[in-house]
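For reference, the structure discussed in these notes is given below.
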Amino acid sequence: MNFDNSHEAKEGANEKGTPLGVLYLGICERERTYWQTILLSSPKLGLDVHVDQLQSLPQATTMAESICRALRDGALEGEHAPALTIKDSIDAPLGFDVFAHVLAQLSSHILAGKSQSRGLVLVAFTRSPSFYVDLLKERGLEVNSSRKWIQILDCYSDPHGWKDRIMGQGKVDDATKEASGVSRLCKDVKDMDKLCSLAIELGKDLLGEGKGRFSFALDSVNEMLRYASVHSVARVLSDLRSHDLASCVFWLLHSDLLEDKVAAVFDYMSSMVASLESAIPASNGLRISLENLSLTEQNFRRAKFSVRFKRRNGRVRLMSEEVSIERSGITFSSVSTDGGTMGGSLLPKVQFNLQLSEKEQMDRAKVVLPFEHQGNGEPIEIYDGRRSLADKNNEAAGTMQMKDSSKGEIIYLRDSDDEMPDSDEDPDDDLDI
Amino acid sequence: MDNLLDRALGLDGRGDRWPLLGKVVLVEDCVETGGAFVVHHIIKRFLSPQPAAASNHSLILVAFSQPLSHYDRVLRKLGCNLVAQRDNDRFLFFDMLNLRFPDRDDVKTGSSVLVSLFEKIYNAVRALSAEKNCITIVIDDIALMEVVANGSSDSVLDFLHYCRTLTSEFDCSVVALNHGDIYSTTEKPMLMLNLEYLSSILVRAEPLATGSAVDVHGQLMVFNKGEHDRQGTPGSKVHNFHFRVKENSVDFFYPGGRG
């Protein structure tokens, strides 16, 4: 038996060392490990088990992945760039961890050339450029690669030009050698217009002569609001978002430092809002009593992660997950049942059963959908938003074949794993006519 | 000997490196339970490091609330001679009580006081770091700094932001004392929340929930955020313990551990 990531059953002679057949199991990571264990530990089956080229299959997508995917896919022609607000509060102070995660994900997409944007402009208010350079480096992303892909607008080191006045013009340089190549100092952050044009200028530098778009990341809207009025900050964000060359924008804000109406302004401007709330509803934030000491400690590691996706047609999708910070990094998981799922809590209490039981769900999964491509000797692809070059070549070959045969067929490719096969989402929602 | 406070602050390691380097420590207290002893404790630990080899520690004390003689008396009882340290250029004292700036005639008000204060600190830090010194800046206290800045919390935050940039630029540590209860009536205590976001370690001194006691003077909560810093320090930790301030020392113990 041979696990392979190809989907075709190959004919093979039954000789030792030659695969009899290739079995492809379209299963998630956890199940794959399970099957691997079963097969490897079953000598009774009398199978010669080769496990080669095991590749990670797409896991069930988390909301964090959906967010990163939306940012990666970028803006549609004639629409604003997607914008993400990451909100946290002192009760659940994990906003920066989520921000760093999104930043790293988008950066790796940019580096791999998978994203719409070809570069990233990071406006840093609360951390130094060298901090970000180290952060990206820890995740294996080289900032000084041959292709320039990131620029940091340093609003952290000398936001009011105090150091500049002490040291004399142009001598302030917090950035380490590594960071200095990718950062530009901003010495008057109160001037929001200048800040905005500097950010755009940096983005254009990244593109150089080439075509394409770039993304913006702002690590603290609160700091901006300390320096300027709500409307000028809102204008900056709006300008960045609606810029012709902007692919996506995301920013972090601490909601408890803002009045509700101000927080709402930024919610309106974003197509996605990811808010972090305390997993344990503590009454008074850090002001805690002895009884919930360990619970409060949990608040530094775990939080409820609710995301609101606002689609172009005005449809709003609410989802909730749990985020936890572990030694190995940040993980997103579906809300544990004891906490109550978001969907469950939204449903009204009715006498009949609106949810499917586990068995029903399994039965439903077994139903062969008439319109879905069942992979008759051909690979099943899950369309992930864009196609690789190899796919395009295959496609070209496919059309050649199609010309030969007089028959035509419609193959439905599911958008991704997070979309249910018979979901009521409009599959043509992002169709651009 | 290490005590619970040392352990909570991460000072119990035996490394040569001062564990609070690059960190901002915020001490929050209230009228019933003063937190100044925590600041004194950190000053003492910093100026008398356990491995005596690490003698390149320099402290900058920005005092808005007490004169030098006060700190000298308190620290002397803890076994640390500030005047001797000052003579060795390991202790710098900025007396902000009477705003005794050299350019006193030119009256400065509000935020410009803080700008020129930062200039002094920045110059001092640059000079000290040129000698490869390990620097801690202590600010006592933020509430009075706000008074000096004519009540402008934005100027205070700007000043503290600049102090924080020194933690990344020169690997300094910053220790600041603030009073929590003076903001308790404000609906959203912006300054305090901002400071809590800014700090990497928050120490809160509170009275006992069960009322006052003769042999327990209050409790300390230490929130060590353990941000993913350059050392890759893992997760955050919350500590809670009681304390008793004695003449020459402070006892720390777990609730019910003594008394």
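Proteins get letters first, then strands, A, B, ... in listed order; numbering begins at 1 in each.
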Contacts of type side chain to side chain contact (heavy atoms under 4.5 Å, CB included), residue A:Lys194, not counting sequence neighbours: A:Asp191
Nearest 0.5 Å, what's the OG1-CZ distance between B:Thr165 and A:Arg127? 14.0 Å
Sort A:Glu259 into side chain, backbone, both or neither according to what part of it lies under 4.5 angstrom from a heavy atom of chain B. backbone
So which atom in A:Thr126 and which in B:Arg164 form the shortest heavy-atom distance, rounded to 0.1 Å? O-NH2, 3.0 Å
Quick check: closest heavy atoms across A:Cys155 and B:His161, and the distance to 0.1 Å? O-NE2, 4.5 Å
For B:Asp154, give me all partners under salt bridge (Lys or Arg N to Asp or Glu O under 4.0 Å), at least two apart in sequence or on another chain. A:Arg226
As a quick check of understanding, evaluate side-chain contact (heavy atoms from CB on, under 4.5 Å) for A:Leu257 and B:Tyr197, giving each step before the final call. CA-CA 10 Å; A:Leu257 286 176; B:Tyr197 276 116; 3.8 Å; yes
Scan side-chain atoms only and decide if A:Tyr156 and B:Ser168 contain a donor-acceptor pair under the 3.5 Å cut-off. yes
Run the numbers on A:His254 and B:Leu193 for side-chain contact (heavy atoms from CB on, under 4.5 Å), then give the verdict. CA-CA 10 Å; A:His254 303 306; B:Leu193 267 177; over 6 Å; no
Out of B:Leu157, B:Asn194, B:Asp158, return the one with the most heavy atom pairs under 4.5 angstrom to chain A. B:Asp158
Measure the acute angle between the ring planes of B:Tyr162 and A:Trp162, then classify it against the limits of 30° and 60° as parallel, tilted or perpendicular. parallel
